[in-house]
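Below is one structure, written out as structure tokens, with a few remarks after it.
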Amino acid sequence: MTSSHHTGRIRTDIAHNARVWNYWLGGKDNYPVDRAVGDQVTSLYPSIGEVARADRAFLGRAVTFLAGEAGVRQFLDIGTGLPTVDNTHEVAQRVAPEARVVYVDNDPIVLTHARALLTSSPEGVTEYVDADAHDPERIIRAVTPTLDLGRPVAVMMLGILNFVLDTDEARGIVRTLMAAVPSGSHLVLTHPTLEPELGGEGNVEAMAFWNENATPPITARSRAEFASFLDGLDVLEPGIVSCARWRGDAQPQVAQFGAVARKP
């Protein structure tokens, strides 16, 4: 491979999730290959841009609720993606300036941008950890200098468990993370689905194309599989819904489940 394609671990010759997602959200941190794959996915699944925007809007509503009504002051955002508008710490610190936010990602591009862009309020803390969702024990070790795991934490995994292809492993990751945080902590999840009730059948061809042309590979899950990630937690109203409909005004549904649950 030529050096022009290779900067450390950053590959510009193959589309990458964080950059394609950035493109769909109207960001500038992407390469021609990301735009080409993004456009092809859009042609196969025209509502993907709506999914990306609905997921981001859900993040805003969930974090506003958690930092406000639920009184959570610590956020662990796993699989952050590239910073765009209204990132977790901005939303949380708008409500509670003293909020502490740790972002976790293992993408070198995200790492570089996050360190430059994710600046905290003076009263709060914004930290960035280079770790992989597949290694929850490492994540827990890495966040303990910044977060007090004796106090409630909102664990956020938006559009990230779909990159853990084995459902049992994905369940184990969630269990490990939620076991490390106390009662009153919350889990915030979104996940793509093929469920026809959410219009997910359009995802099939687009996901197959993605897995041949982009990285990392992705999988969809059923409502029952998604619900299994929330076992042992109290799922808050309105339950498991299209993320666009979670405490949103009647937005058009997108094929992405969203839920917020509390650890009893």
Side-chain angles (χ1 to χ4, degrees), residues 15-26 34-62 78-81 84 133-134 156-174 187-231 233 235-261:
H16 190 285
N17 175 63
R19 298 190 312 243
V20 178
W21 199 253
N22 174 266
Y23 171 56
W24 285 327
L25 285 171
D34 305 306
R35 299 189 281 276
V37 166
D39 288 342
Q40 183 63 33
V41 170
T42 302
S43 74
L44 295 169
Y45 186 50
S47 64
I48 188 64
E50 288 158 42
V51 173
R53 289 186 292 275
D55 191 84
R56 181 53 53 153
F58 164 84
L59 178 150
R61 293 194 303 277
I78 299 170
T80 312
T84 50
H134 290 85
M156 302 176 54
M157 303 187 81
L158 273 62
I160 189 70
L161 290 173
N162 34 286
F163 297 114
V164 180
L165 301 183
D166 182 274
T167 301
D168 287 335
E169 185 188 355
R171 256 188 229 117
I173 289 167
V174 172
L187 176 64
V188 185
L189 291 183
T190 61
H191 199 297
T193 184
L194 306 179
E195 296 262 352
E197 55 163 322
L198 300 191
E201 60 279 4
N203 256 331
V204 178
E205 205 185 339
M207 281 195 181
F209 173 83
W210 177 271
N211 288 346
E212 283 164 27
N213 293 280
T215 185
I218 194 168
T219 187
R221 288 194 167 94
S222 67
R223 175 180 285 274
E225 288 170 323
F226 181 84
S228 75
F229 298 140
L230 305 164
D231 283 350
L233 305 173
V235 181
L236 305 183
E237 286 300 318
I240 296 170
V241 291
S242 168
C243 68
R245 296 271 172 93
W246 192 89
R247 306 192 183 191
D249 36 19
Q251 296 291 326
Q253 294 208 104
V254 295
Q256 177 102 322
F257 284 125
V260 178

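Note that the structure is a prediction, hence the values are computed from the model and not measured.
- Counting heavy atoms from C-beta outward, Leu165 and Pro217 have side chains that approach closer than 4.5 Å.
- We find the CG-CH2 distance between Asp34 and Trp21 to be 14.0 Å, quoted to the nearest 0.5 Å.
- Counting all heavy atoms, side chain and backbone alike, Tyr45 lies closest to Ala255 at OH-CB, 3.2 Å.
- Between the side chain of Glu50 and the backbone N or O of Ala244, no donor-acceptor pair lies under 3.5 Å.
- With contacts defined as side-chain heavy-atom distances shorter than 4.5 Å, the pair Tyr23/Asp39 qualifies.
- For the pair Phe58 and Thr190, the minimum side-chain heavy-atom distance is below 4.5 Å.
- Considering only heavy atoms from C-beta on, Gln40 stays 4.5 Å or farther from Asn213 through its side chain.
- Arg221 CZ to Asn162 CG: the interatomic distance, rounded to the nearest 0.5 Å, is 7.5 Å.
- Counting only heavy atoms from C-beta outward, the side chains of Asn17 and Trp210 approach each other to under 4.5 Å.
- Here the CE atom belonging to Met157 is positioned 8.0 Å from the CG atom belonging to Leu187, to the nearest 0.5 angstrom.
- Scanning all heavy atoms of the two residues, the minimum distance from Pro192 to Thr219 falls at CG-O, 4.1 Å.
- The shortest side-chain heavy-atom distance between Ile173 and Ile78 does not fall under the 4.5 Å cut-off.
- Separating the CH2 atom in Trp24 from the CZ atom in Arg35 is a distance of 14.0 Å, to the nearest 0.5 Å.
- Here the shortest heavy-atom pairing between Ile160 and Gly79 reads CD1-CA, 3.7 Å.
- A distance of 8.5 Å separates CG in Asn203 from CD in Gln256, rounded to the nearest 0.5 Å.
- The minimum heavy-atom distance linking Leu44 with Ala206 is given by the pair CD1-CA, 3.8 Å.
- A donor atom on one side chain and an acceptor atom on the other are not found under 3.5 Å apart for Arg223 and Thr193.
- Residues Phe257 and Leu189 fail the side-chain proximity criterion, which asks for heavy atoms closer than 4.5 Å.
- Within 6.0 Å of CD in Glu205 there are 12 or fewer heavy atoms belonging to other residues, nucleotides or ligands.
- Of all heavy-atom pairs spanning Arg247 and Pro238, the tightest one is CG-CD, 4.0 Å.
- Atom-to-atom distance recorded for Leu236:CG and Ile240:CD1 is 11.5 Å, nearest 0.5 angstrom.
- Contact of the Arg53 side chain with the Arg56 side chain is not registered, since no non-hydrogen atoms from C-beta on lie closer than 4.5 Å.
- Nearest heavy atom pair, residue Val188 against residue Ala62, reads CG1-CB, 4.0 Å.
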